[in-house]
**Q** 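Here you go, one structure.
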Amino acid sequence: MQRLKQPMPPQSRRRQRGISLIESLIALVITALGILGVVGVQMRTLADTSTSLRRAQAIRLIEDLGERTRTNPSALANLNTYVANFAASPSVGNCASGCDLTQLAAYDLAVWKKAVGDTLPAGKVSIFVPPAESGLAAGQGRQLGVMVAWRENERDNDTAYKNPISTSTDGGTVSCPADRTCRSEERRV
């Protein structure tokens, strides 16, 4: 019997060794890069979801302040009792035993500012009378401006929510703190 196949010379056998190992390593690298890409997309989606959640919470908190001012009968007559800056609100006693209307406004504001701090990470708030309302006589104003600020977990250099807002006819402004993200609205009382 004669062989039909000729054996390969020793040199060509040596050259082909390790080719399947290199192919396996390349496939492993490509798979690892694909998995890293999927993880990166997942992390970005998680960060965007967190940002959207914080903005929705800020809007709900602003709506809550609007409801608090609507339930206070003297809110329209004394809008300035709700004006506050980013500083912490002083602690106010409980209104369960009864408060006058000014104390009720101070109590509502203190409770609301605490809710902002508890809900949003490093949450702070500034409440102001918008320029269009500042020139009106007492009792005629109908709007309060609210700027809620909080700290995001990611580094965001977007300045869309950091524009200063003019708060009075004399040129005063409320600006978003540099290390925060802000949401501001004018709310009808």
Side-chain angles (χ1 to χ4, degrees), residues 35-76 78-92 94-96 99 101 103-134 141-168 172-189:
I35 289 172
L36 286 175
V38 168
V39 169
V41 167
Q42 189 72 17
M43 294 301 291
R44 185 65 205 167
T45 301
L46 183 63
D48 289 345
T49 301
S50 176
T51 300
S52 298
L53 174 67
R54 299 284 187 251
R55 290 177 199 246
Q57 287 172 329
I59 290 169
R60 280 189 219 110
L61 286 165
I62 292 170
E63 289 171 354
D64 179 46
L65 178 66
E67 292 299 318
R68 288 176 184 273
T69 57
R70 284 185 197 101
T71 59
N72 186 345
S74 74
L76 284 175
N78 298 316
L79 278 180
N80 288 333
T81 57
Y82 285 96
V83 172
N85 59 17
F86 283 113
S89 184
S91 62
V92 180
N94 192 348
C95 277
C99 290
L101 298 176
Q103 291 171 331
L104 178 61
Y107 175 75
D108 278 347
L109 188 59
V111 168
W112 185 74
K113 283 182 106 175
K114 183 176 180 335
V116 169
D118 291 346
T119 304
L120 298 171
K124 292 185 174 191
V125 66
S126 178
I127 304 170
F128 54 91
V129 176
E133 301 283 316
S134 62
R142 299 269 185 245
Q143 289 186 349
L144 281 175
V146 181
M147 181 179 283
V148 178
W150 66 93
R151 183 168 289 137
E152 288 289 345
N153 293 335
E154 63 183 272
R155 295 179 188 200
D156 185 10
N157 295 329
D158 183 18
T159 58
Y161 292 93
K162 299 182 189 283
N163 296 332
I165 298 172
S166 177
T167 60
S168 64
T173 60
V174 173
S175 297
C176 183
D179 61 344
R180 313 260 177 178
T181 300
C182 292
R183 171 73 187 187
S184 62
E185 291 186 14
E186 293 181 8
R187 282 289 173 169
R188 226 170 153 71
V189 179

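Because the structure is predicted, anything quoted here is derived from the model rather than measured. Along the sequence shown, the residues carry numbers beginning at 1.
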**Q** Using a strict threshold of under 4.0 Å (side-chain N to carboxylate O), is an ion pair present between Asp64 and Arg68?
**A** yes
**Q** I would like to know whether Val146 and Trp112 meet side chain to side chain contact (heavy atoms under 4.5 Å, CB included); could you show each step before the answer?
**A** CA-CA 12 Å; Val146 181; Trp112 185 74; 3.8 Å; yes
**Q** Hey, what do you get for CH2 (Trp150) to NZ (Lys124), rounding to the nearest 0.5 Å?
**A**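 One finds 14.5 Å between CH2 of Trp150 and NZ of Lys124.
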**Q** Is the closest side-chain heavy-atom distance between Thr49 and Leu53 below 4.5 Å?
**A** no
**Q** If we only count heavy atoms from C-beta on, is the Leu109 to Ile127 side-chain gap below 4.5 Å?
**A** yes
**Q** Which is it for Arg54 and Leu120 under the side chain to side chain contact (heavy atoms under 4.5 Å, CB included) test, yes or no, and what are the steps along the way?
**A** CA-CA 7 Å; Arg54 299 284 187 251; Leu120 298 171; 4.0 Å; yes
**Q** Rounded to the nearest 0.5 Å, what separates atom CG in Asp108 from atom CG in Leu65?
**A**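 CG of Leu65 is found 8.5 Å from CG of Asp108.
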**Q** Got a donor-acceptor contact below 3.5 angstrom from the Thr119 side chain to the Val116 backbone?
**A** no
**Q** Please identify each residue that fulfils side chain to side chain contact (heavy atoms under 4.5 Å, CB included) with Ile35, with sequence neighbours left out.
**A** Thr31, Val39
**Q** Is a salt bridge present between Arg60 and Glu63, judged by a nitrogen-to-oxygen distance below 4.0 Å?
**A**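 Not counted as a salt bridge, because no side-chain N and carboxylate O are separated by less than 4.0 Å.
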**Q** Hey, could you give me the CE/CD1 distance between Met147 and Ile62, rounded to the nearest 0.5 Å?
**A** 9.5 Å
**Q** In Å, rounded to the nearest 0.5 Å, how long is the span from CZ of Arg55 to OG of Ser50?
**A** 10.5 Å
